[in-house]
Amino acid sequence: METQCMTEFPQSNMDKRPRKRARLTWDVPPPFLPVKAAAQACYAQEFVSGMVANAPIYYKGAVRLASPPWRADDKDGHYVFALGENLTPRYRILSKMGEGTFGQVLECWDIDRKESVAVKVIRSTNKYREAAMIEIDVLQRLARHDLGGSRCVQIRNWFDYRNHICIVFEKLGPSLYDFLRKNSYRAFPIDLVRELGRQLLESVAFMHDLRLIHTDLKPENILLVSSECVKVPDYKCLSRSSKDGAYYKNLPKSSSIKLIDFGSTTFEHQDHSYVVSTRHYRAPEVILGLGWNYPCDLWSVGCILVELCSGEALFQTHENLEHLAMMERVLGPLPKHMVHRADRRAEKYFKRGMRLDWPDGATSRESMRAVWKLPRLQNLVMQHVDHSAGDLIDLLQGLLRYDPDDRLKAREALRHPFFTRDCRRQ
């Protein structure tokens, strides 16, 4: 019989790293079996692994409990699977949805609930297993407070299968990044950016109220609830070859979004000295080694809003000096009091006069060109936004303030005219 693993943990332990727990194992290496039993098990495995994707699902007797053949993980600790096989008797693998440093996300059919779900299968290494247990604690904390399930992805279940922590989620649509990519990186209309930004800030405010810091906000970690889209003319891409004089682009049919990936989420009181955030969305205080807190999420939100209205990441870079130079190109010089407090690892990016070592410290001409081609923030926004540009620029200037103490908080940003002025018109 299947064991439900949605265990609630005591509130007193929620703000601490979870203690090591006994593994809840679904499968272990197969023991020695008598010939008759081995033949029966073999038959059951062939029955399950031989099913094709669209075949009807029948589970009777021993077949219901069948597992796929035992295989070793790949060299990086990823689970090796085949479509049509099972993760426990309950979840049948339909497709692979994605892969990351943490492991893989598989689309599975939940046999008990008769619905498609997304199962995050974590790599079988201690580092990622421990991070997964922290993520489960965060997800369950969020679920207790997000009663409508409108802000963050909902956890359905979790279990340990062949040394892989597996987290079962509701199945959502594509990420904002995937939608942009499949749409040839064409920007979203400003009214849609406004609605997406409003929901994003509401989710961030919700997490901050619970004293949680996401630390890895980016378009890849914001999912549309629905995969449905509509095709509309894109008059900014005129084409002589098209009959109506315009290309077409896709827009989401629904603007509803949810946050995902809480593997890096931390509590307010935990150590905040290490590097967080994906490079393009990393706040200056993180690069300078000044420590970080809630404001690092708001910097990421600012970068995301620019990307949604322009179609491209604001800071497309892969090293610290170039990243800081890009910030100064777009936003102006870094404050001297932040430079003065930079840790030893960041001191090398500055000259004695506290000025950024650029372009002298550039690694290549390509790096210098990447910085020089960037416009000021105001000009960048006005290149892509027809109306509401002034309000959006002012909002972004509040979210992208260098000093985290001066940066807008999530609930302050929600009261900004970029959102409220639109409400008054309606």
Side-chain angles (χ1 to χ4, degrees), residues 176 187-188 190 193-194 196-198 200-201 203-205 208 213-219 221-222 275-317 320-339 341-342 346 349 356 358 370-371 373-385 388-419:
L176 293 184
F188 289 125
I190 188 61
V193 172
R194 179 184 289 107
L196 296 173
R198 190 200 317 275
L200 175 56
L201 285 165
S203 297
V204 171
H208 290 183
I213 311 166
H214 190 286
T215 78
D216 196 20
L217 294 172
K218 55 184 177 180
N221 288 339
I222 306 167
V275 175
V276 293
S277 304
T278 299
R279 161 65 70 188
H280 301 342
Y281 312 93
R282 187 173 296 158
E285 63 268 24
V286 179
I287 299 173
L288 298 176
L290 304 178
W292 47 268
N293 213 302
Y294 300 110
C296 76
D297 279 347
L298 279 306
W299 178 278
S300 300
V301 171
C303 295
I304 291 167
L305 290 179
V306 173
E307 187 166 349
L308 296 182
C309 73
S310 69
E312 297 180 353
L314 176 56
F315 301 118
Q316 299 186 46
T317 178
N320 286 335
L321 179 58
E322 183 182 88
H323 197 168
L324 293 171
M326 286 182 165
M327 288 182 184
E328 290 203 335
R329 181 75 175 177
V330 175
L331 303 167
L334 287 154
K336 292 197 180 301
H337 71 274
M338 290 181 68
V339 175
R341 290 167 42 228
Y349 305 131
L356 194 66
W358 188 269
V371 173
K373 74 177 184 180
L374 284 173
R376 297 286 290 183
L377 180 65
Q378 298 92 320
N379 296 335
L380 191 155
V381 172
M382 293 181 72
Q383 287 174 13
H384 299 280
V385 178
S388 302
D391 285 339
L392 178 57
I393 291 168
D394 189 68
L395 172 64
L396 292 172
Q397 287 173 334
L399 293 171
L400 297 175
R401 288 174 185 155
Y402 286 124
D403 192 331
D405 292 335
D406 297 336
R407 207 169 294 155
L408 285 177
K409 296 179 175 59
R411 296 212 177 277
E412 291 174 343
L414 284 166
R415 295 192 294 268
H416 190 275
F418 180 67
F419 301 110

Taking the side chain as every heavy atom from C-beta outward, state whether [X] and [Y] have any atom pair closer than 4.5 Å.
{"X": "Trp358", "Y": "Met326", "result": "no"}
{"X": "Leu400", "Y": "Val330", "result": "no"}
{"X": "Lys373", "Y": "Arg329", "result": "no"}
{"X": "Leu399", "Y": "Trp299", "result": "no"}
{"X": "Leu377", "Y": "Val306", "result": "yes"}

Shortest non-hydrogen contact from [X] toward [Y]:
{"X": "Glu285", "Y": "Pro404", "value": "OE2-CB, 3.8 Å"}
{"X": "Leu334", "Y": "Pro284", "value": "CD2-CB, 4.4 Å"}
{"X": "Gly197", "Y": "Leu305", "value": "CA-CD2, 3.7 Å"}
{"X": "Ala283", "Y": "Met327", "value": "C-CE, 4.4 Å"}
{"X": "Arg198", "Y": "Phe419", "value": "N-CE2, 3.4 Å"}

Checklist line | side-chain contact (heavy atoms from CB on, under 4.5 Å) assessment of Arg282 paired with Phe315 | finding: CA-CA 9 Å; Arg282 187 173 296 158; Phe315 301 118; over 6 Å; no

When rounded to the nearest 0.5 angstrom, what distance separates [atom1] in [X] from [atom2] in [Y]?
{"X": "Cys309", "Y": "Leu380", "atom1": "SG", "atom2": "CG", "value": "7.0 Å"}
{"X": "Ile222", "Y": "Ile304", "atom1": "CD1", "atom2": "CD1", "value": "4.0 Å"}
{"X": "Leu331", "Y": "Arg401", "atom1": "CG", "atom2": "CZ", "value": "12.0 Å"}
{"X": "Cys303", "Y": "Leu308", "atom1": "SG", "atom2": "CG", "value": "11.0 Å"}
{"X": "Leu374", "Y": "Gln316", "atom1": "CG", "atom2": "CD", "value": "8.5 Å"}
{"X": "Asp394", "Y": "His416", "atom1": "CG", "atom2": "NE2", "value": "3.5 Å"}

[Y] backbone acceptor or donor facing [X] side chain under 3.5 Å:
{"X": "Tyr294", "Y": "Ala410", "result": "no"}
{"X": "Tyr349", "Y": "Leu288", "result": "no"}
{"X": "Arg407", "Y": "Tyr402", "result": "yes"}
{"X": "Ser277", "Y": "Thr215", "result": "yes"}

Next item on the list: Give a yes or no on this: more than 12 heavy atoms of other residues, nucleotides or ligands lie within 6.0 Å of atom CE of Met382.
Entry: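 Not more than 12 within 6.0 Å, no.
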
Item checked: Residues in side chain to side chain donor-acceptor pair (under 3.5 Å) contact with Arg279, at least two apart in sequence or another chain -> Asn320, His323

Check: Partners of Glu322 by side chain to side chain donor-acceptor pair (under 3.5 Å), sequence neighbours excluded?
Finding: Thr317, Ser367

Note to self: For Leu395 and Asp391: C-alpha separation, side-chain torsions, deciding distance, then whether side-chain contact (heavy atoms from CB on, under 4.5 Å) applies.
What the structure shows: CA-CA 6 Å; Leu395 172 64; Asp391 285 339; over 6 Å; no

Next item on the list: Kindly determine whether Tyr281 and Glu307 satisfy side-chain contact (heavy atoms from CB on, under 4.5 Å), including the steps that lead there.
Entry: CA-CA 10 Å; Tyr281 312 93; Glu307 187 166 349; 2.6 Å; yes

Notebook entry, point to check: Among all residues two or more places apart in sequence or in another chain, which pass the ring-ring contact (aromatic ring centres under 6.0 Å, His included) test with Trp292?
Noted result: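 Expected list: His272, Tyr274.
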
Notebook entry, point to check: So among Asp297, Leu408, Leu298, which one has a side-chain contact (heavy atoms from CB on, under 4.5 Å) with Leu201?
Noted result: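 Of all the options given, the one that passes is Leu298.
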
Checklist line | Derivation of the side-chain contact (heavy atoms from CB on, under 4.5 Å) call for Asp216 and Thr278 | finding: CA-CA 6 Å; Asp216 196 20; Thr278 299; 2.8 Å; yes

